[in-house]
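Following: one structure in structure tokens, then a few remarks.
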Amino acid sequence: SFFLRAMLPADTGGNNTGGTSASLLFTRLLDLVGCCYTPSDSRDHISSKESDACAASTLTFARSALASSSLDAIRKAVLVSSVSYSSDGDSVAKEDQLRCCLRACGLLTDHTRRFIKLGYSLDDHLVRGRLHISLAEREQSQKDGDERVSRMSDRITNDFQPFERRLWESHIKCCLTLGRGRPGYVASNSASRSTTVMGDPKMRLDLYRTIGHAASQYTDGGKLSWPLPLPAVHHALLTSNLSCEPLPKTSKDAAPERWICDSFVAALSKATQDLDIVAKLTWKQSVPLSLRDARLFVLALLRMPKKDQTKVLSRFVDSFHTAVGRDLLNRTCTEEESKERAASSEFLARIVTLVVASVDSVRAGRHLLDILSSQTGSDHYLLPSLHCATLDDEDDWYRREKSFMGLFSDWEAPGVPVPNVIDGTEPLTKAATTKLITTFLTLFAAAFRTAKDDRCHLLFSTWNALADCSAWDSSALVGSSGTAGDDDISAKYARQLIGIREDMCAIHRRIIGSSDSVSETMLSRGLVKKGNSSRYVGMSASDILKTGMNSALEAVDEMVASLLEEEGLASPSSTSSSAAFAAYEAVAVYVSFLISLHTKSEKRVASYFGVNSEHAARRRKGSGMSDSVEEGGISSDESECDEDDEDDARTIALSRLHDACNVLGAAPIHPDWLDTSVRVQAGISPSVAADAAKSALCSLTKLANAARIGYEKSLQEAL
């Protein structure tokens, strides 16, 4: 208020002059921030300890403190208070009026553009600069020896200084407030969501383009149409605005969101066609297509009308299918190139996760926006750790931004939550769904070759994605063969793995049913909906198990033949691939699974190992199954004691058996042959169950013998 009065000429008092003064206020504050963010060779007067801490940063204590205060002033000036004008206290009402005037009359589009550019400057000097220096110090320390390592470790232990963290927090909070105009997120059903925050669609599109046209280090010299990755400060500005603007009603109103999605898809398509770009952009805390990037894309996608969503997804699927069809990951690479291939396969894994989450989110509808928008607070935009940045990949590879399997609150879970109201719109055509399934199958087969480099990231992401495809269109999943040729042995075994899972899930649903304890997701809802479309519909439990056993035993015989054929070859063939061995293990698990369904136990698996025993409080001392025993816990009833002794002996025997099998690598999951409560399933005769068990033992023995022969031959060659 003092600033405005000082700048207002004494002889005029018009609104235009007041608006000019308010605009000048933002200009001066942004000038201060820009001056502080500009690198300088001079040193402010700070203590020696602070000087050592600032040596790796171009932002000194004085510059950071002044920039933080300026950013806080901007944030308070553009904040629209939630206090009603009818509130008690004339000062509160005047404060709200002044803030509304400042934002409406003083905050110009040019100011927002300058603020966006300042965000890139902050990311360069505070984040990327410090990370690069820390990595360079680490490399130098490895050359200089242990003494240098010790000095560097002491220094990096301090990580970012408190004044740097305050500056980062001030800039992030300013981004969030500028984007939504409020101190916190506003739900979609709030009346305040009816007014725009950053202007009409044309103005918002102009600002979004300013963010998208980033510096060259974010787009590989301008090759990408969207920054990969987008700096956190701009994520905060974009996501806060997208989560609080009124929902577009027409394609014209959704032009800003459409531009983000189109640019994003174009950048991913370009990077997928030239994976060398991904290797250049990937370094420690910088991850192309991070979790924040993926959430931003889905947030913009969900705000668009349905027809625009379908167009964006179809284009996304087409470009991804074309890139994967070029056999991206099948070439062999040297040990030096393995890190680059790991970055490429991890990038593809994140695209797979994003595509699946996008399809399920569009099917769920706009009611997911509130759930997704809850992940846009200041707590989600923290400074990276300098200590973690100097760790080897072996110690710092599993991180949320890099290794995510889902986009919602639980980033390790691939499921999309079910909103209260589901739109139910089919996001993809039949042809697009088939094309996407083919793409996933091709990547799944290739993922066995990259598993060693990327720690199975692509393997797990495609495995999860193909489970979603089962809910979308199981017929297309079973009938598709991928873009690889039939002579590709990895693709063959990959398809067998998918077929085994499809059969196991269908049989489980028909005989046991779904569990109520599992939280509902779009995937689980889709699987329940398609439950009546499997080949086991209308069959009894006995017929289901008989059909499944016949298929499983045929698969075992085929794999035994493949293993024995391998022994006659002079050199190892592709049947020794990891995909083949995964299929060998899967078919053994399949047979065991079918045998276990012939019987039914009244106990849970945990009860076999003393976890949930009803007699735990009455166990005797020295049993080794409990850390403490209540005094007087043993009953005086002699027959009950005998029963307890029998239960304890059985539990001890099962635990010892479990430990022994763990050592051998074959722990029993369901040792029902020692469980007296096990009964044959209803509708299955004991003779049928016994015959199935004999057939299973015979087939599994042949498989084990074939594997033993191959192991002994490989051992002899190695020796």
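Please read these numbers as outputs of a predicted model, since none were measured by experiment.
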Is a donor from one side chain sitting under 3.5 angstrom from an acceptor on the other, for [X] and [Y]?
{"X": "S69", "Y": "D72", "value": "no"}
{"X": "Y381", "Y": "T239", "value": "yes"}
{"X": "Y37", "Y": "D124", "value": "no"}
{"X": "S345", "Y": "H457", "value": "no"}
{"X": "D293", "Y": "H235", "value": "yes"}
{"X": "S373", "Y": "D370", "value": "no"}

Within-4.5 Å side-chain heavy-atom neighbours: [X] and [Y]:
{"X": "L313", "Y": "V355", "result": "no"}
{"X": "E346", "Y": "V278", "result": "no"}
{"X": "M405", "Y": "S461", "result": "yes"}
{"X": "V356", "Y": "P414", "result": "no"}
{"X": "V127", "Y": "V233", "result": "no"}
{"X": "R182", "Y": "T177", "result": "no"}
{"X": "L176", "Y": "L237", "result": "no"}
{"X": "I371", "Y": "P417", "result": "yes"}

Shortest non-hydrogen separation from [X] to [Y] and the atoms involved:
{"X": "A65", "Y": "R166", "value": "O-NH1, 4.0 Å"}
{"X": "S319", "Y": "V265", "value": "OG-CG1, 4.1 Å"}
{"X": "V418", "Y": "T521", "value": "CG2-C, 3.3 Å"}
{"X": "E164", "Y": "Q161", "value": "OE1-N, 2.8 Å"}
{"X": "R180", "Y": "C244", "value": "CB-SG, 3.3 Å"}
{"X": "S23", "Y": "L108", "value": "OG-CD1, 3.3 Å"}

Problem - side chain to side chain contact (heavy atoms under 4.5 Å, CB included) between I351 and L354, intermediate numbers included - result: CA-CA 5 Å; I351 293 180; L354 173 60; 5.5 Å; no
Exercise for the section: Give a yes or no on this: more than 12 heavy atoms of other residues, nucleotides or ligands lie within 6.0 Å of atom NZ of K306. Expected result: yes
Practice task
Give me the ring orientation class for W226 and F264: parallel if the planes are under 30° apart, tilted from 30 to 60°, perpendicular past 60°.
Solution key: tilted
Exercise for the section: Would you please classify the geometry between the H171 ring and the F115 ring as parallel, tilted or perpendicular, with 30° and 60° separating the classes? Expected result: parallel
Exercise for the section: Compute the centroid of each ring, for Y120 and then for H213, and state whether the two points are separated by less than 6.0 Å. Expected result: no
Rounded distance [0.5 Å steps], [atom1] in [X] versus [atom2] in [Y]:
{"X": "R114", "Y": "T210", "atom1": "CZ", "atom2": "OG1", "answer": "13.5 Å"}
{"X": "E257", "Y": "M304", "atom1": "CD", "atom2": "CE", "answer": "8.0 Å"}
{"X": "T112", "Y": "L107", "atom1": "OG1", "atom2": "CG", "answer": "4.5 Å"}
{"X": "L291", "Y": "R350", "atom1": "CG", "atom2": "CZ", "answer": "10.5 Å"}
{"X": "L122", "Y": "I172", "atom1": "CG", "atom2": "CD1", "answer": "8.0 Å"}
{"X": "D308", "Y": "C261", "atom1": "CG", "atom2": "SG", "answer": "9.5 Å"}

Practice task
Apply side chain to side chain contact (heavy atoms under 4.5 Å, CB included) to V312 and F297, showing your working.
Solution key: CA-CA 11 Å; V312 169; F297 175 80; 4.0 Å; yes
Handout entry: Lys/Arg-Asp/Glu bridge criterion (N-O < 4.0 Å) met for E169, K173
Key = yes
[X] side chain to [Y] backbone, donor-acceptor under 3.5 Å:
{"X": "R295", "Y": "F408", "value": "yes"}
{"X": "E245", "Y": "G199", "value": "no"}
{"X": "D253", "Y": "P248", "value": "no"}

Exercise for the section: Determine, step by step, whether R399 and V287 satisfy the side chain to side chain contact (heavy atoms under 4.5 Å, CB included) criterion, reporting the C-alpha distance in whole Å, the side-chain angles of both residues, the deciding distance to 0.1 Å, and the verdict. Expected result: CA-CA 10 Å; R399 292 183 286 112; V287 180; 4.2 Å; yes
Exercise for the section: Determine, step by step, whether F163 and T60 satisfy the side chain to side chain contact (heavy atoms under 4.5 Å, CB included) criterion, reporting the C-alpha distance in whole Å, the side-chain angles of both residues, the deciding distance to 0.1 Å, and the verdict. Expected result: CA-CA 9 Å; F163 64 86; T60 60; 6.0 Å; no
